[in-house]
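Along the sequence shown, the residues carry numbers beginning at 1. Note that ligands are numbered from 1 as they come in the structure, with each ligand's atoms numbered from 1 the same way.
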Amino acid sequence: MNKNNLWNNILLLMEKELNPHIFKNYLKDTRQLDINNDKLTVEVSSKFHKEYLNSHLVNKIKSSLSQLLNKDISILFKIAKENKLNVPAVPKEKLKEKTVNEKEINDTKKLSANLNLKFSFENFVVGASNQFAHAACLSVAKSPSKTYNPLFIYSGAGLGKTHLINAIGDRIIETNSHLSVLYIPGDKFINDLIHSLQNGKMDSFRAKYRKIDVLLMDDVQFIAGKPATQEEFFHTFNTLYMNGKQIVLTSDKPPKEIPLLEERLRSRFQSGLLADIAFPDLETREAILYKKCEVEKVKIPPEVINYIAKKIKHSIRDLEGAFVKLVALTTLMNQEINLELAKKAVKDMIKENVKKGTTLDTIQQTVGDYYGIDKKQLCSKRRIREILIPRQVAMYIAREITNASTTEIGRSFGSKDHSTAIHAIEKIRNLRKMDNNLNASIEKIIKDLRMENM
Ligand code: ADP
Ligand code: MG
């Protein structure tokens, strides 16, 4: 085998074996520099890549190498001198170099479009969970109004919707600076509307929202259940759409599940592309932490990154929270970042989470999942046993593990007062004493709920 091509052979093997996004993000842009005395030197584009390769992939690569050559080879990753690619996940698209002046002008434009300058594609980490939404956003940013219109992104809290929708605006201003962009959260739209109505300023309200080229509305679910706002937004949407303007919306649920959303809006929201963001996998969570280290210029050992990423699974906002806490702790204690401090930071986070994290909503979801019925049925008034027992179990668990009152529990299941909940809790408490299966089910569900907050 030609030794100069050794690394290319490894890349071919790795491409077959690895998850495509990992390959693309961490290996594709590497190259062989040297091979000498059984030591292979490979050039990588940043410190981030180097750390990732050393902590995650090096063993796999070494074992492929030793199979290929029948001997052990050590690998050294070296950061490229001209470090243009310090972006972990998205190789930065070639953007024209901006002069200082141009940058200032663009930043001013972004601020007046209401954008958050921190949220760009450059610092968004792509993984399997958000790949589709990311690609859709990138494509809209590249050719506004020409691909998906409207683009509708949805996910649970803290998974990157606000980041992505801002990134679209950011990229459009960078590359298509003649277009006018406006970012607005749903609740701000409502306030703006009320304010304009009260002050007789509807003309300027309409001019503001109907004359832009790109409307980015975050958390559109807030307008549901508000007739005047929905009416106004319906006309805003139509005017923009008919004039070939780009609309991007985000929400915590897909259109068909947003309660109290007018039908005509629902059908419009569904008429373009829907993209959801799922919970990030472990690799993505680690990559996000490495990215934070790079941006904040702090060094965190791989085992600490791994620990935090393993413990915090369901929200990138919480992942960032743990990171901030850890950095604060180290500064406070004037100590190097280590596993012990990380454990403390994560423990504090989890404590906060258990208090506020296990909501009645999560309990309904988890119990529903366990018994294989959907939440709607679980919270309905149907009294067949297959639904009634799970409903009563959910109320019982809610009482056991949250601070919610019986009235709150009753209401969350659609009852007027606390009597249904009290009855359910009593009944399950008694049944539990006699029914081992039920007992085991309840324990399992509670355990799952606790795990969710870890
Ligand atoms: P959402 O709007 O879905 O509640 P956000 O967009 O506000 O979530 O994300 C929460 C935090 O997590 C933000 O600080 C955001 O920058 C960060 N974040 C989310 N997804 C990513 C990602 N893929 N890469 C980097 N940071 C992310
Ligand atoms: Mg948000």
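Between E174 and K109, the closest side-chain pair of non-hydrogen atoms is not below 4.5 Å. With contacts defined as side-chain heavy-atom distances shorter than 4.5 Å, the pair P254/D276 does not qualify.
For the pair T250 and ligand 1, no heavy-atom separation below 4.0 Å is found. Ligand 1 is never approached by K291 to a heavy-atom distance shorter than 4.0 Å.
Aromatic rings of F119 and Y183 (six-membered ring for Trp) have centroids beyond the 6.0 Å cut-off, not under it.
Residues H195 and N199 bring a donor and an acceptor atom of their side chains to less than 3.5 Å of each other. Residues R268 and N238 bring a donor and an acceptor atom of their side chains to less than 3.5 Å of each other.
Ligand 1 has an N or O atom lying under 3.5 Å from an N or O atom of V125, backbone or side chain. Residue I288 has no N or O atom closer than 3.5 Å to an N or O atom of ligand 1.
For the atom pair OG1 (T147) and CG (L151), the distance works out to 8.0 Å, reported to the nearest 0.5 Å. For the atom pair OG1 of T362 and CG of D448, the computed distance is 12.5 Å after rounding to the nearest 0.5 Å. Atom CG of N306 is separated from atom NZ of K311 by 11.0 Å, given to the nearest 0.5 angstrom.
Considering Q131, R317, H134 only, the shortest heavy-atom separation from atom 7 (O) of ligand 1 involves R317. Counting only non-hydrogen atoms, the option in K292, E320, K161 that gets closest to atom 3 (O) of ligand 1 is K161. Ranked by closest heavy atom to atom 27 (C) of ligand 1, the top entry among N116, D318, I316, V295 is I316.
Residue contacts to the Mg ion (ligand 2): T250 brings no N, O or S atom closer than 2.8 Å.
Atoms of ligand 1 found under 4.0 Å from any heavy atom of G158, numbered from 1 in the order shown, are 1 (P), 3 (O), 4 (O), 8 (O). Contact atoms of ligand 1 toward G160: 1 (P), 3 (O), 5 (P), 6 (O), 8 (O), 9 (O), 19 (C), 20 (N) (distance under 4.0 Å to a heavy atom of the residue). Listed by number with element, the atoms of ligand 1 under 4.0 Å from a non-hydrogen atom of A157 are 4 (O).
For atom 21 (C) of ligand 1, the closest non-hydrogen atom of the protein is F124 CE1, 3.7 Å. Nearest protein heavy-atom contact of atom 25 (C) of ligand 1 is N123 O, 3.4 Å. Nearest to atom 6 (O) of ligand 1 among the protein's heavy atoms is H163 N, 2.8 Å.
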Practice prompt. Kindly indicate, with the supporting measurements, whether the criterion salt bridge (Lys or Arg N to Asp or Glu O under 4.0 Å) is fulfilled by K291 and E294.
Written response: CA-CA 5 Å; K291 179 69 196 168; E294 195 185 294; 3.4 Å; yes

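Contact annotation: for N130 versus ligand 1, heavy atoms closer than 4.0 Å belong to the side chain alone.
For the pair K343 and Y307, the distance from NZ or CZ to the six-membered ring centre is under 6.0 Å and the angle to the ring normal is within 45 degrees.
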